[in-house]
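Below: one structure, written as structure tokens.
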Amino acid sequence: MNYKKIIAEKIHEKTNMGIENIEKLLEIPPKPEMGDYAFPCFQLAKTMKKAPNLISQELKESISKDYLEKVESMGGYLNFFIDKNSYTKHILEMVLSQKEKYGSSDIGKGKNVVVEYSSPNIAKPFHVGHLYSTAIGNALYKMMKFQGYNTIGVNHLGDWGTQFGKLIVAYKRWVDEEALEKEPINELLRIYVKFHDEAEKDPSLEDLARMHFKNLEDGCKEETELWQRMKDLSLKEFNKIYDMLNIKFDSLAGESFYSDKMDAVVDEIEIKGLLTESNGALVVNLDEYNIPPCIIKKSDGATIYATRDLAAAIYRKNTYDFYKNIYVVGSPQALHFKQIFTTLKLMGHEWAKDCVHVGFGLVKFADKKLSTRKGDVIFLEDLLNEAVSRTLELIEQKNTNLENKEDVAKKVGIGAVVFAYLKNNRERDIMFSFDDMLNFDGETGPYVQYTYARGKSILRKAEGFTSKADFSKLNSTEEFELVKLIAGFNEAILSAINKYEPSILTRYIIDVAKAFNKFYNQYSIISCEDEGLKAARLQLVEATTIVIKNGLSLLGIDVVEKM
RNA sequence: GCGCCCAUAGCUCAGUUGGAUAGAGCAACGGCCUUCUAAGCCGUGUGCCGGGGGUUCGAAUCCCUCUGGGCGCACCA
């Protein structure tokens, strides 16, 4: 039952306006007492050559009132009040019967979607910046899966490139084997930073690094073994973090996976007459699109990340026949993806239009950009551990007798961090601050989880209560606002998917929690004397917990039954 | 120099694709726990929506311009 459509049809009957156009114009009034839907009559004023307020008054009289409580004319607006009783009954029954499926759909049925996200660099720390891609990608992956898409999550590991030449040079000169066993990432970071320091004094180290990478690409034994060792050590560390975040990938095909697929790409570009030489490098000229050329091979003959991304896109099309190929990679790389997508188009791949770069802002710390080269990073693991221990302290203060304190602290603490990353528009930079991120008051992850736990607590206490719900009594503004919000869950997810913007869902969940807390504080549920009303309220509570649980799960956040 | 993005309350941010009196959270102050979890709820104050021009019945939202900031512009990823 789609009320928007029903109302649009009513207006359509009385005017010459198309249904779709009406649906687009229909809006939600700024205040609930002004109605549930509003139709602005200003556009009609032109065609009907009448004042908008006259039109709305006439429509108010002539329109059919089925499904509606009343219709009001306010200035140039026609305001609709839907029939609360049938609406509430319909929505709550739907939520309670669909449960963990509530909010899903099958609009993506039969469509494959590749989502590339996280993609940390091997031998470098997994720092707070990496969570941005990881959290956004994971949320998009889950939301699309929930809408019936066949999603393929790819962690495009940065496990290839000149940086490995540098690491091999550094390894052979300065590695401390003992430290490497104990804290692999730290030690690899130390020697990587040392390389850059030393290379400033002795630029020949850079040449040496390029040579080692060339050897690696050519499959030389020593380089390959060292590379494999660093990769294994790194993956072990990364998996610790993915376990904490409860994130899994369908494919770990990183850059190295494409090392034997690059010749074919270079050949294809050449056959299509796109390859030109420029300053010793092989490039695809993109002047006609007003963007710099896409470099395919460096002057030393080694490939570059653009080549690998081209190979990866083609491989993914051949393997998954994707409907969309999504890259969750920082906004600073926007130009790079423009070059890649344009090159694919020039190669004659019409599916280049299905490739999407989902960019996001930087994670900044006290106005400084985090730089791996300078060793100036905050490890994500440290942030997550800090979040968990602060949560544990809070539990000791507020709820000492809670069972499974550690487990709750983990879910709430980590959930708080992920929630903070997904709360705002992804194009925005995150000003990183422990105190802001780990402040658990107001619009935060813990606030929403707390709301869920409150709801569950009521449901536990009311177990066994089986009176029949009387929805006609569930008619306060607070209750009806909550019902309307709950009804909009699927719409919120679809909107988040369309814009590749998880924050739309995050903010929706906050709104639901707010509306619930308002209701919770004002009306008693368990001690409500009217049994029909009590039953209806309990259903509203349960529906709220279902929406919060499903919603947070799509963001990659677990709920707790008590906190 | 060229290109992309951004500018909304003291701070951090929303603003339903051009609609009604621009909203939240934090911080500050005041109130609410012998009754369902006070990580909560209620109340108080704050705005040249960066400046200027334009389009429109109607602009925080669209166009132009200026200012201030961020990011990116070939052998790093």
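Letters A, B, ... mirror the listed sequences (proteins, then strands); counts begin at 1. These numbers come from a predicted model, not from an experiment.
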Could I get the full list of ring-ring contact (aromatic ring centres under 6.0 Å, His included) partners for [X], not counting sequence neighbours?
X	result
A/Y523	none
A/Y327	A/F337, A/F341
A/F126	A/H130, A/F238, A/Y242

In the strands shown, is B/G72 matched to any nucleotide by a Watson-Crick or G-U wobble pair with both distances under 3.5 Å, and which?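 Its partner is B/C2.
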
* Asked: Rounding to the closest angstrom, what is the interatomic distance between B/C29 and B/U46 at atom C1'?
  ->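 Roughly 14 Å separates the two C1' atoms.
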
Point to revise | A/E20, CD: over 12 other non-hydrogen atoms inside 6.0 angstrom | key: no

* Asked: Residues two or more places apart in sequence or in another chain: which of them pass side-chain contact (heavy atoms from CB on, under 4.5 Å) with A/A170?
  ->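 A/A170: side-chain contact (heavy atoms from CB on, under 4.5 Å) contacts with A/W174, A/I191, A/F195.
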
A correct 5'-to-3' footprint of nucleotides 56-61 of chain B, with B, S and - meaning base, sugar-phosphate only and no protein heavy atom under 4.0 Å, is -B----

Report the distance from atom [atom1] of [X] to atom [atom2] of [N], rounded to the nearest whole Å.
X	N	atom1	atom2	answer
A/D511	B/G15	CG	P	11 Å
A/I296	B/C76	CD1	C1'	16 Å
A/R428	B/C6	CZ	P	9 Å
A/N517	B/G25	CG	P	12 Å
A/K24	B/U17	NZ	P	9 Å

Taking RNA chain B as the partner, which of [range] come within under 4.0 angstrom of it by heavy atom?
range	value
residues 329-337 of chain A	A/P332, A/Q333, A/L335
residues 481-490 of chain A	none
residues 494-510 of chain A	A/K499, A/R507

Would you please name every residue forming a side-chain hydrogen bond (donor to acceptor under 3.5 Å, both in side chains) with [X], sequence neighbours left out?
X	answer
A/Y508	none
A/H357	none
A/Y452	A/E561

query: Less than 6.0 Å separating the ring centroids of A/Y117 and A/H156?
result: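 Distance test on ring centres: not under 6.0 Å, no.
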
Problem - Below 4.0 Å: OP1/OP2 of B/A77 and any side-chain N or O of A/K124 - result: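 No, outside the criterion.
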
For nucleotides 28-33 of chain B, list the nitrogen or oxygen atoms of the protein found under 3.5 Å from its nitrogen or oxygen atoms, one pair per line.
none

Less than 6.0 angstrom from the centroid, inside 45 degrees of the normal: does A/K261 satisfy that with respect to the ring of A/F257? yes

